[in-house]
Amino acid sequence: MATPINRQTEMTLVQAVTDALRTKLSEDETTLVLGEDVGKNGGVFRATDGLQEEFGEDRIVDTPLSEAGIVGTSIGLAINGFKPIVEIQFLGFIYPAYEQIMTHVSRIRMRTMGRYSVPMVIRAPYGAGIRAPEIHSDSTEALFTSMPGLKVVCPATPYDAKGLLIAAIEDPDPVLFLESMRSYRSFKEVVPSESYTVEIGKARCVSEGTDVTLIAWGAMVQVAQKAATVAQERGISCEVLDLRTLYPFDRETIAASVQKTGRAVIVHEAAAMGGLGNDLVTLINDTAFLYLRAPIARVTGFDVPVPLFALEDHYIPTPERVLATIQRTVEF
Amino acid sequence: MATPINRQTEMTLVQAVTDALRTKLSEDETTLVLGEDVGKNGGVFRATDGLQEEFGEDRIVDTPLSEAGIVGTSIGLAINGFKPIVEIQFLGFIYPAYEQIMTHVSRIRMRTMGRYSVPMVIRAPYGAGIRAPEIHSDSTEALFTSMPGLKVVCPATPYDAKGLLIAAIEDPDPVLFLESMRSYRSFKEVVPSESYTVEIGKARCVSEGTDVTLIAWGAMVQVAQKAATVAQERGISCEVLDLRTLYPFDRETIAASVQKTGRAVIVHEAAAMGGLGNDLVTLINDTAFLYLRAPIARVTGFDVPVPLFALEDHYIPTPERVLATIQRTVEF
Amino acid sequence: MEQHFPIQRIIDEEGRLIDASKEHDLTKELALTLYEQMHRIRTFDRKAINLQRQGRLGTYAPFEGQEAAQVGSALALSDQDWLFPTYRDHGATLTFGADMVRTLLYWNGRVEGCVPSEKHIFPPAVPIATQIPHAVGAAWAEKRKGTKNVAVAYFGDGATSEGDFHEGMNFASVFQAPVILFNQNNQFAISVPIEKQMHSETIAQKAIAYGMPSVRIDGNDAFAVYFTMQAAVERARSGGGPTLIEAVTWRFGAHTTADDPTKYRDQARSRDRVDPLDRLEQFLKHQGDFDETWMQQLQERHQAEVEAAVTAMEQFKAPDVNDLFDHTYATLPVDVQQQKEAYLLARGK
Amino acid sequence: MEQHFPIQRIIDEEGRLIDASKEHDLTKELALTLYEQMHRIRTFDRKAINLQRQGRLGTYAPFEGQEAAQVGSALALSDQDWLFPTYRDHGATLTFGADMVRTLLYWNGRVEGCVPSEKHIFPPAVPIATQIPHAVGAAWAEKRKGTKNVAVAYFGDGATSEGDFHEGMNFASVFQAPVILFNQNNQFAISVPIEKQMHSETIAQKAIAYGMPSVRIDGNDAFAVYFTMQAAVERARSGGGPTLIEAVTWRFGAHTTADDPTKYRDQARSRDRVDPLDRLEQFLKHQGDFDETWMQQLQERHQAEVEAAVTAMEQFKAPDVNDLFDHTYATLPVDVQQQKEAYLLARGK
Ligand SMILES: Cc1ncc(C[n+]2csc(CCOP(=O)(O)OP(=O)(O)O)c2C)c(N)n1
Ligand SMILES: Cc1ncc(C[n+]2csc(CCOP(=O)(O)OP(=O)(O)O)c2C)c(N)n1
Ligand SMILES: [Mg+2]
Ligand SMILES: [Mg+2]
């Protein structure tokens, strides 16, 4: 049944997504890909490129322009034997499906005491930084991490993208899978050609350090890393954590790291108010209060809508802003 | 132009809402009330009772069952000279309008550099505790407090309900006005019959105290108060703050209070993850770090969907749970 | 448009056959089965209202007046079909095979009331129209599997105003899903009469927007409902795609027990309407098939069944606080697990 | 349904008059005005694509092929009317009176590009179909004020699948708002052809669902567009309510400059199509109204206008970081104010 897996081993993040899809489409006949332009066009970011040719129009389905329809119909498919992998063209266009996700995708298992479940994956490119038109650049992951019944995953590397997407597809519960557009083609990495998973719920320690814990995800991991490198030169040792799963996040790893370093800087693209950073602040407050040597700091988007792209570089956290915050935290 | 204002001075919260609506409908001809069942029926909670008779079908409009349509159409009314006061029957049914609120209501001023604005009020009953059917009991205010461009208000008393609703209607920006169903008829209070406003953005100090700051809003204010009363008997002095405005919240009052008490317990009905409590934790971390004598504590709904009503009493924070948390915080 | 979508009837309001072509299909057996089920669910419905008044049930949505629509449609389904109801369609779900005790539990806020029997019955959709895409998806899944099973979405007149109705209709037609969109047009959405809900004269005509066949029927004529539904189900099973059925009906009572219909309509309008059960009773009488003893037995049997269900509901095990937590995910995340343990611990002492 | 909604034309693809009843309405003045505007916006459109290729503009959505639809409809409006466009309707907005420099700024990610001129032109709706309810609301406001002004919502074939299209159409009809729902059916939503978007044969027939008048026209016939739009606008102004217009057209190029149309369609299909400008040019020639010198002047004028706009756009003041913060609320909340100050301070050093 298995059709040949892409042999390429150096991949970009978006290629790793395609590879994960191809892997699961080959392994599991109940998987389907649905979305706007995912078929013939291979997706506006080419994440589903070639899949319709390989798996047919029946498995890779171009749908009408109708996010509530896509998600709502996929619920029906999911409770009746299929595993829909839905593409929402941009996270900023997921809002029409918000009701279906909020009142059904996330609640059906609870409401039927497990008799029905919704093993569905919703993939969505997100984030600013590629000069995309308005609304295309939203980073509103917290609207979903706050939704009991849903998991939220966000890879920062090609390796993790493949492993986490396969894990998400195999997960018995619905998973929102966020793909940073800015990271789609920013670098390549060796990715195994076989099927593998990266465990949902586990953060990745990007680099160990002793003075301050940096927590980031998606495109912000690289921003944090850059800041950490410069900080190192200035004698500040940063532990950089890539959160990878945004819900349920890795409480133990975060707690242990901040207990060790006594300081934390959280970096995210979303606005400060309501951002996931606040949940992380609470976690650290709850688990490392007596270890804290400075207030927990955040570097985030501002409390304004993501601007049109001429101003987006002012909106997105930069290594400079992160560095300044590290410095302030260490000097507190 | 002013039609006679209701002379009644002791009112429930829902009566105060009606009174505020009547006041503004009399004062300002551009105001309109739109929603499902708001006309002849006077709203499912009777919040608009009698208004259609008084102001006519043209001002008090029964709309189709269509939340995106109601909010979307109201945007057109608002940019073109009217002040729509929209009723969403229950906060749990606002999700179909989420896209319109997220991408337009909150962004039009920004997108047009102020050329157009959306002076709209969206009223929505929220919260558990009245044995309502599923989805009717959601308390998802954080989905809106995180939305730049929108204000969110939530009165706990009849007096504030009238004054804040009038302020919301007069506000040049869109306001989500949350009404606790459980508080609608739970007590009466003297409410002035004339027009007055309560300032948006200011918390109310319900009772002063020295050992711990309790922060709550809506129905949780009474829960916090009850806990505070028992705590007092046990020798713990609680300062109870009613947040009143959930965005932009009253940073100064909260900071000053926690700087004084050194301890904070936040009480809300929404789930812990993604709840507004996290934003408050961050605020306190940012403004009172060196004053803190214990980790900031939260008493919240659990990270599960609001259950069907047979289990809702387990879900909603109780004075007992708040009290236990106060005790733990003080003993830390 | 009304002339393009005339209300189709098989018997008139006095229970007289008016569609002669159907004469041989209206067997005694069918008539008695329809009547029996309608009687059964009415017995249930009235009891539920009573229980609510006595404080033994939460807010309840009655369906009196819509029995022919619900029973006629549900009886045309087969065991493996899928049913996606609203909060007002427990007449249909009970007929299809839902458990009566669980149906009562639902109205007491018990999650056990959402768990379907062996039949595929989805928990009632509370957010209006959201179930329509679900039914389309479940039907599409059956088509993909190559079965002959169909799905039915029940929904009201008000539901047609929601985006989900539109998006579901469009998907149904684009993917030719074997789904029946069964609309009970009871002419009110809570207090809002259909003239304020839509500018179209009929709901049936809305199917034209999707190139979908549709039909407008007298929803209080159990035969018209049954045969129309049967034909739509047959078409769906044989690959003919979706159908929209507009069953024109009337709710006699309140929207829910929390609602006061006299606020927005003259209840005399309800009293003037022909009761769908009376209408079928008249038909049986015209045919000479109505038997007082049988009727007596029916009453006793249904009374007993409903009473037994009420007793079972009231003796049902107490709500289990574990259920608040345990079904959120297949495996509970650490934080929810911790919240649960802390809560149970605190309650313990 | 196609026979119920035949495509209406006034001139054929060779630019010959086919609707004799309109002979006297097709004045030379009108024909020249239509041509001139179409030529103007095409000059703009081609320049914009060029700028994008040179890296002087961001991702851009071209409208070549849709000029007759956009110009014909926009020319039928009056100064006080409201226009709610998508990202592909700057042909219409430029014709209606949008500022060309700001239009270019928009495609460079400048918020100044969203700010309308004195005319009521809403910023382009990016989330598909969301502008439809806005137009309905703005039109309803005009009706409430007792004016004769109307609103127009522009939207594509793909937009008809969204719930907002449906909810907007329903509100328009229920409240009889003076709104024109102007659909450009270019037969593709990015890569998705209309057959996969909907099962209905036409978009015009969707109006039946709302009891709304509708008409299907050749969107590449500038006269058909203009007179159909004029009639709809007239009806709306005089209290006759909304109209859905389906203008069947074709986009010649890519969805946006980020899109590769050869992935999903044979671009020969575009080359085979009659260009709406050529068609009007043929008409002018048949009438003996085409003048090479005039054409020459037109080209020079439009070239100059567009070049001047490009220069102005490129010399426009640099983006102001204050604009990131200052328009979120009428008065900035304390936290946003603090964020702004901190950011500006940090940049200062
Ligand atoms: C999205 C949403 N909005 C509002 C409500 C509140 N509500 C419950 S029932 C109802 C009326 C439904 O009318 P209709 O579809 O005609 O069904 P009926 O109740 O008449 O059976 C409303 C507005 C809801 N449940 N969901
Ligand atoms: C809600 C939403 N979903 C998806 C998109 C992405 N998107 C942008 S344009 C487009 C196709 C629109 O097609 P159509 O309505 O026919 O207009 P056209 O582009 O052909 O003018 C899509 C899917 C979007 N902008 N908004
Ligand atoms: Mg109804
Ligand atoms: Mg199109």
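Owing to the predicted nature of the structure, the values given are computational and were not obtained by experimental measurement. Quick note on labels: first sequence line is chain A, next is B, and so on, each numbered from 1.
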Neighbour count above 12 (heavy atom, 6.0 Å) for A:Lys260 NZ: yes

Does atom OH of A:Tyr291 have more than 12 heavy-atom neighbours, drawn from other residues, nucleotides or ligands, at distances under 6.0 Å? no

Side chain, backbone, both or neither: which part of [X] has a non-hydrogen atom closer than 4.5 Å to chain C?
{"X": "A:Pro148", "result": "both"}
{"X": "A:Val61", "result": "side chain"}
{"X": "A:Leu65", "result": "neither"}
{"X": "A:Ile75", "result": "side chain"}

Can you tell which part of C:Ile121 gets under 4.5 Å to a heavy atom of chain A, answering side chain, backbone, both or neither? backbone

Heavy-atom distance under 4.5 Å to chain A: side chain of C:Val111, backbone, both or neither? both

Shortest non-hydrogen separation from A:Ile70 to C:Phe171 and the atoms involved: N-CZ, 3.6 Å

For A:Pro64 and C:Phe175, which heavy atoms make the closest approach, and how far apart are they? CD-CE1, 3.8 Å

Donor and acceptor N/O pairs, chain A versus chain C, under 3.5 angstrom:
unit_1: A:Asp58; atom_1: O; unit_2: C:Arg144; atom_2: NH1; d: 2.8
unit_1: A:Asp58; atom_1: O; unit_2: C:Arg144; atom_2: NH2; d: 2.8
unit_1: A:Ser66; atom_1: OG; unit_2: C:Glu167; atom_2: OE1; d: 2.7
unit_1: A:Ala68; atom_1: N; unit_2: C:Glu167; atom_2: OE1; d: 3.3
unit_1: A:Gly69; atom_1: N; unit_2: C:Glu167; atom_2: OE1; d: 2.8
unit_1: A:Asn80; atom_1: O; unit_2: C:Lys145; atom_2: NZ; d: 3.1
unit_1: A:Asn80; atom_1: OD1; unit_2: C:Lys145; atom_2: NZ; d: 2.5
unit_1: A:Asn80; atom_1: ND2; unit_2: C:Ala138; atom_2: O; d: 2.9
unit_1: A:Asn80; atom_1: ND2; unit_2: C:Glu142; atom_2: OE2; d: 2.9
unit_1: A:Gln100; atom_1: OE1; unit_2: C:His134; atom_2: NE2; d: 2.7
unit_1: A:Gln100; atom_1: NE2; unit_2: C:Thr130; atom_2: O; d: 3.1
unit_1: A:Gln100; atom_1: NE2; unit_2: C:Asp164; atom_2: OD2; d: 2.9
unit_1: A:His104; atom_1: NE2; unit_2: C:Thr130; atom_2: OG1; d: 2.8
unit_1: A:Met110; atom_1: N; unit_2: C:His327; atom_2: O; d: 3.1
unit_1: A:Arg111; atom_1: NH2; unit_2: C:Pro124; atom_2: O; d: 2.8
unit_1: A:Arg115; atom_1: NH1; unit_2: C:Pro116; atom_2: O; d: 2.9
unit_1: A:Arg115; atom_1: NH1; unit_2: C:Ser117; atom_2: O; d: 2.6
unit_1: A:Arg115; atom_1: NH2; unit_2: C:Ser117; atom_2: O; d: 3.4
unit_1: A:Tyr116; atom_1: OH; unit_2: C:His120; atom_2: ND1; d: 2.7
unit_1: A:Gly149; atom_1: N; unit_2: C:Tyr329; atom_2: OH; d: 2.9
unit_1: A:Leu150; atom_1: N; unit_2: C:Tyr329; atom_2: OH; d: 3.1
unit_1: A:Leu150; atom_1: O; unit_2: C:Tyr329; atom_2: OH; d: 2.6
unit_1: A:Asp173; atom_1: OD2; unit_2: C:Ala330; atom_2: N; d: 2.7
unit_1: A:Tyr247; atom_1: OH; unit_2: C:Asp335; atom_2: OD1; d: 3.2
unit_1: A:Tyr247; atom_1: OH; unit_2: C:Asp335; atom_2: OD2; d: 3.3

Pairs of heavy atoms under 4.5 Å with chain A: top-ranked of C:Gly163, C:Pro116, C:Cys114, C:Ala135: C:Pro116

